[in-house]
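Here is the structure we will look at.
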Amino acid sequence: MYIEFVIADNFLLTYLAGSSATRLCRNKVNVWRLIAAATVGTGIAVLYPFLRGGIFAELAVKISLYLVLCVIMFYKTNRAFVASLMFLGSTFAFGGASYALGLILYSSAARADAFTRKCPLFLVLGTGGAVYVCIRYCIKRMRLPRARAPYEYSTDVEIFGMHIKFAAFLDTGNCVFDSRTGLPVVITDVESFAAKLDGAAAIEFAKSLPTIRKIAAKTHGGSTEVYILKPTKITVYSDRLGHKINAMIGLVGGQSKRFSAEHEMLLNPAALSEGV
């Protein structure tokens, strides 16, 4: 049972630690490199109980193995040194997961250590897998704002005598233009737009409804009607710098579910062609 435990434990956890380190450095995961490293690490782990020479010899073997695994996984990759440190940290995280569970269950270091030594294979791999899932989740959450950052803007629309704030998103799929003026159209839903108006502005908007022009616009979901409004001014903010754009406001009905608090308005790339 010992050999099977060592093989499964070391192979899978080494693979997961290497994968986590690679993803944390935003590198492409090379499955074959990870398998090779996990195989070498598992082979040494099987022979480890038979090594002799004292604590310094054991430490030298561990350091040498760590360096070899890092070379296999990260040699000639981006941020290889950082990835090596991430691999070390991930290894500690996986190795300490079962011990941490023991502390939670027993609140005693001695009993936690005993629990770790007797911990069944599925529990060791389960805690390691849980740490891996958490790392993957954190990586995605960290990358999402960075990925969105170049496309998110704060927008101030002056219309009907008031200023309305929108959280806008630069939508590369928004290619709607007003055929009469030739201007690009920034789009929001009519329900959210109306909700932002105060009493006087809402009355003015209601009075103008019969005269609002409509154009047909093609989207991925098909054709839809867009109500066109001419704002007094639209200012788009990026890094606290304001940039006035020349565009029309497009209102779509029945589309409120497609908009969110983070993306209340879809900007047309042509409207920002001068750069923000």
Side-chain angles (χ1 to χ4, degrees), residues 26 138-276:
R26 305 185 70 176
C138 292
I139 292 172
K140 290 182 179 180
R141 296 299 299 178
M142 288 187 295
R143 287 183 181 176
L144 190 58
R146 293 180 182 178
R148 287 179 174 175
Y151 303 95
E152 293 186 331
Y153 301 89
S154 174
T155 304
D156 179 274
V157 176
E158 185 178 348
I159 192 170
F160 298 129
M162 66 175 297
H163 290 266
I164 309 175
K165 303 292 185 181
F166 290 90
F169 184 78
L170 179 59
D171 182 11
T172 56
N174 178 8
C175 300
V176 180
F177 286 82
D178 177 24
S179 57
R180 180 178 297 181
T181 63
L183 294 175
V185 179
V186 297
I187 298 175
T188 186
D189 68 286
V190 64
E191 293 88 352
S192 298
F193 178 82
K196 291 177 178 289
L197 300 176
D198 60 19
I203 293 174
E204 188 174 350
F205 175 56
K207 289 181 179 179
S208 67
L209 282 176
T211 61
I212 294 178
R213 290 189 298 113
K214 293 185 291 185
I215 63 172
K218 292 183 178 180
T219 66
H220 293 293
S223 297
T224 185
E225 285 190 332
V226 180
Y227 296 83
I228 299 297
L229 296 174
K230 175 63 176 177
T232 304
K233 184 172 63 174
I234 302 178
T235 306
V236 176
Y237 293 90
S238 175
D239 295 329
R240 299 183 180 180
L241 298 177
H243 176 79
K244 183 180 177 180
I245 64 173
N246 196 15
M248 304 295 283
I249 301 293
L251 304 179
V252 292
Q255 302 287 330
S256 59
K257 291 183 179 180
R258 294 192 177 185
F259 294 84
S260 64
E262 293 80 15
H263 300 149
E264 299 174 310
M265 175 176 284
L266 302 180
L267 297 176
N268 189 316
L272 278 73
S273 58
E274 298 178 18
V276 177

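Numbering starts at 1 and runs along the sequence shown. The structure displayed is predicted, hence computed values, not measured ones.
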With sequence neighbours excluded, tell me which residues meet salt bridge (Lys or Arg N to Asp or Glu O under 4.0 Å) with Lys214.
Glu225
Set of side chain to side chain donor-acceptor pair (under 3.5 Å) partners for Thr181, sequence neighbours left out:
Asp178
Drop me the distance from Lys230's NZ to Ser208's OG, to the nearest 0.5 angstrom.
15.0 Å
Does Val186 form a side-chain contact (heavy atoms from CB on, under 4.5 Å) with Ile249? I'd like the steps, not just the answer.
CA-CA 5 Å; Val186 297; Ile249 301 293; 3.6 Å; yes
Scan Asn174, Leu267, Asn268 and name whichever one has a side-chain contact (heavy atoms from CB on, under 4.5 Å) with Pro184.
Asn268
Could you measure the distance from the CE atom of Met265 to the CG atom of Asp189? Nearest 0.5 Å is fine.
10.0 Å
For Val157 and Pro231, the nearest pair of non-hydrogen atoms, with its separation, is CG1-CB, 4.1 Å
Please examine the side chains of Leu266 and Val176, heavy atoms only from C-beta on, and report whether any two atoms are closer than 4.5 Å.
no
With sequence neighbours left out, which residue pairs that include part of residues 195-205 fulfil the salt bridge (charged side-chain N to carboxylate O under 4.0 Å, His left out) condition?
Lys196-Glu264
Got a sec, which residues hit side chain to side chain donor-acceptor pair (under 3.5 Å) with Asp156, two or more places apart in sequence or on another chain?
His163, Lys165
Distance col, row His243:NE2 vs Thr155:OG1, nearest 0.5 angstrom, shows 11.0 Å
Sorted by chain and number, sequence neighbours left out, side chain to side chain contact (heavy atoms under 4.5 Å, CB included) with Phe193 holds for Ile159, Phe160, Ile164, Phe166, Thr188, Leu197, Phe205, Leu229, Leu251
